[in-house]
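Predicted model only: the values in this text are computed from it and were never measured. If you read the sequence from its start, that first residue is 1, and numbering goes on from there.
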Amino acid sequence: MKQKDRNKKLSGEDGFDSYYSGLFGERWSSIKNAFSLENDYVEWNVAGEKSYFLDSASVRAAVSLPLKNAGEILDLCAAPGGKTLVLASNMAAGASLLANERSPERKNRLVNTVKDCLPQNIQEKVTVICKDGARLCLKNEEKFDSILLDAPCSSERHVLADEKYLSEWTPSRIKTLSMAQWALLSSAWRMLKKSGFLLYSTCALSPDENDNVISKLLKKFDDAELLEPKISLEYKKFCNKELPDYEKTEFGAHILPDKACGAGPLYFCLLRKKSQI
């Protein structure tokens with residue numbers, strides 16, 4: 001049966017299981033069982049009014065984005081704001097961070113996260129806006145030194161936890177999201193300065209939302225270079241917990257909860273824009 005015809009027959013809980021069993025084989029049951037465990041949360045404390053708790057896999061991804069010489073930084077899909085805090089607390093004294101969120105409701109949540117969890121001297125360097133990230137490149141070509149794109153995704157962990165979402169699941173959701181992810185990634189790449197760094201991440205399981213989106217970028221832009229996602233930021237000043245290891249994929253890294261004590265899933269890939277081709 002062709003993949004297109006097979007996908008038409010997949011829907012709901014049974015289709016969900018069949019689809020991801022096809023991707024992970026016998027390992028799918030252990031991944032699925034790990035979703036029932038509590039996320040491996042860590043406390044991020046920047047001496048604001050409140051601490052922020054986020055998945056340790058999210059921290060591991062965010063601290064892979066180099067900020068050492070970055071003057072202008074962009075968090076393209078920033079709400080609810082955990083990764084924004086990681087970037088803001090590690091950027092240089094003279095740097096600024098633009099945190100964008102398309103949804104007005106989620107943007108308000110992001111504003112509150114910045115206000116509650118960052119001290120005033122760092123808040124002053126963070127600007128929150130509400131724009132369509134796929135169109136933000138039209139007025140910001142090659143503007144940013146470092147960009148984080150934590151793209152909207154399937155978030156299978158949350159689908160499994162919600163009977164309504166699970167009953168309505170079809171593979172078309174993945175296709176629709178991958179198109180949106182590509183629009184955001186190509187926009188982010190156009191906004192990245194030469195020699196700048198871009199970190200792409202999702203909490204999705206399917207390669208169609210992860211490596212395959214990166215593959216499309218590598219085919220379209222010959223100035224894209226893959227880098228190993230090493231820990232680049234001094235996170236231990238704000239978080240006293242060890243971060244999970246990742247499994248290598250074709251182009252990036254994946255943290256999966258069955259082998260990371262409940263952390264993730266979290267896919268991330270670090271790229272640099274070559275200064276010369």
Side-chain angles (χ1 to χ4, degrees), residues 7 10 13-44 53-65 77 80 82-83 86 148-162 165-166 169-171 173-175 177-178 181 185 198-217 226-233 235 239 241-271:
N7 285 349
L10 297 177
E13 184 175 1
D14 290 342
F16 185 91
D17 272 336
S18 179
Y19 180 87
Y20 289 100
S21 292
L23 292 179
F24 291 97
E26 293 181 359
R27 187 180 176 186
W28 169 238
S29 61
S30 64
I31 294 174
K32 185 179 177 182
N33 289 337
F35 285 155
S36 63
L37 303 175
E38 185 176 347
N39 287 73
D40 184 38
Y41 286 113
V42 299
E43 180 180 9
W44 193 266
F53 292 84
L54 69 165
D55 192 308
S56 60
S58 294
V59 177
R60 178 62 183 87
V63 298
S64 298
L65 179 63
C77 300
K83 295 185 182 69
V86 175
L148 171 63
L149 170 54
D150 186 32
C153 67
S154 287
S155 188
E156 291 91 348
R157 185 169 200 144
H158 295 100
V159 172
L160 269 174
D162 190 302
Y165 287 146
L166 185 58
W169 181 91
T170 69
R173 173 182 170 85
I174 294 171
K175 181 177 180 181
L177 284 164
S178 66
Q181 290 155 356
L185 182 57
L198 186 152
L199 187 89
Y200 173 81
S201 68
T202 79
C203 56
L205 292 173
S206 174
D208 285 343
E209 299 183 56
N210 297 329
D211 273 347
N212 293 351
V213 180
I214 298 299
S215 176
K216 194 170 183 178
L217 181 84
L226 290 168
L227 299 177
E228 182 183 351
K230 298 179 180 179
I231 292 177
S232 302
L233 309 181
Y235 77 92
C239 167
K241 188 170 183 178
E242 294 298 321
L243 301 180
D245 291 330
Y246 61 79
E247 303 172 42
K248 290 184 178 181
T249 67
E250 183 177 5
F251 300 121
H254 220 171
I255 296 173
L256 296 171
D258 62 324
K259 293 187 178 181
C261 300
L266 207 294
Y267 170 88
F268 53 107
C269 178
L270 180 63
L271 302 118

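By the 4.5 Å heavy-atom criterion applied to side chains, L199 and L271 are not counted as neighbours. I255 has its side chain out of reach of E247: every pair of non-hydrogen atoms, C-beta onward, lies at least 4.5 Å apart. The shortest side-chain heavy-atom distance between L227 and P229 does not fall under the 4.5 Å cut-off. Two residues are said to be in side-chain contact when any heavy atoms from C-beta on lie closer than 4.5 Å; Y200 and Q181 meet this criterion. Within the 4.5 Å cutoff, side-chain heavy atoms of V59 are placed close to those of L54. No side-chain heavy atom of H254 sits under 4.5 Å from any side-chain heavy atom of K259.
Formation of a donor-acceptor pair under 3.5 Å by the S18 side chain with backbone atoms of D14 is not found in this model. Side-chain N or O atoms of D211 include none that pairs as donor or acceptor with a backbone N or O of P207 at under 3.5 Å. Remark: the backbone N or O of A204 is paired with a side-chain donor or acceptor of T202 at under 3.5 angstrom.
Side-chain contact annotation: S206 with Y19, donor-acceptor N/O pair under 3.5 Å present. Side-chain contact check for S64 and R60: at least one donor-acceptor pair (N or O, by modelled atom type) lies under 3.5 Å. Checked by atom type, the side-chain pair E209/S154 shows a donor-acceptor distance below 3.5 Å. A donor-acceptor pair shorter than 3.5 Å cannot be found between the side chains of N210 and T249.
For the pair S201 and K83, the tightest heavy-atom approach, listed with the atom from each and the gap, is OG-CE, 4.1 Å. L185 and L198 get closest at one heavy-atom pair: CD1-CD2, 3.8 Å. Taking all atoms of both residues into account, the shortest heavy-atom contact from L177 to C153 is CD1-C, 3.4 Å. In plain terms, the two heavy atoms of S56 and L243 that are nearest each other are O-CD2, 3.9 Å. For the pair G262 and D55, the tightest heavy-atom approach, listed with the atom from each and the gap, is O-OD2, 4.4 Å. The two residues P265 and P257 make their nearest non-hydrogen contact at N-CD, 4.0 Å.
Interatomic distance, CG of L10 versus CD1 of I174, reported as 9.5 Å (0.5 Å rounding). Remark: L233 CG to C239 SG distance equals 12.0 Å, nearest 0.5 Å. One distance of note links CZ of R173 with NZ of K175; it measures 16.0 Å at 0.5 Å rounding. Atoms CG and CD1, on L205 and I31 in that order, are 6.0 Å from each other to the nearest 0.5 Å. Here the NZ-CG distance, from K32 to L160, works out to 6.0 Å after rounding to the nearest 0.5 Å. Between the OG atom of S178 and the NZ atom of K216 there is a distance of 7.5 Å, given to the nearest 0.5 Å.
Between F24 and W28, the ring planes are parallel. Angles under 30° get that label, and only those over 60° would be called perpendicular.
Open room surrounds CG on D245; 12 or fewer heavy atoms of other groups in view lie less than 6.0 Å from it. Around CD of E38, the count of heavy atoms belonging to other residues, nucleotides or ligands within 6.0 Å does not exceed 12. For K241, the NZ atom sits in a packed shell: over 12 heavy atoms of surrounding residues, nucleotides or ligands are nearer than 6.0 Å.
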query = After noting the C-alpha distance and the side-chain angles of S58 and L266, does the key distance pass the side chain to side chain contact (heavy atoms under 4.5 Å, CB included) rule?
reply = CA-CA 7 Å; S58 294; L266 207 294; 4.0 Å; yes
inquiry  = For H158 and Y165: C-alpha separation, side-chain torsions, deciding distance, then whether side chain to side chain contact (heavy atoms under 4.5 Å, CB included) applies.
reply    = CA-CA 8 Å; H158 295 100; Y165 287 146; over 6 Å; no
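If you look at Y235 and W44, their ring centroids are not closer than 6.0 Å. Ring to ring, Y246 and Y267 are not that close: their centroids are 6.0 angstrom or more apart.
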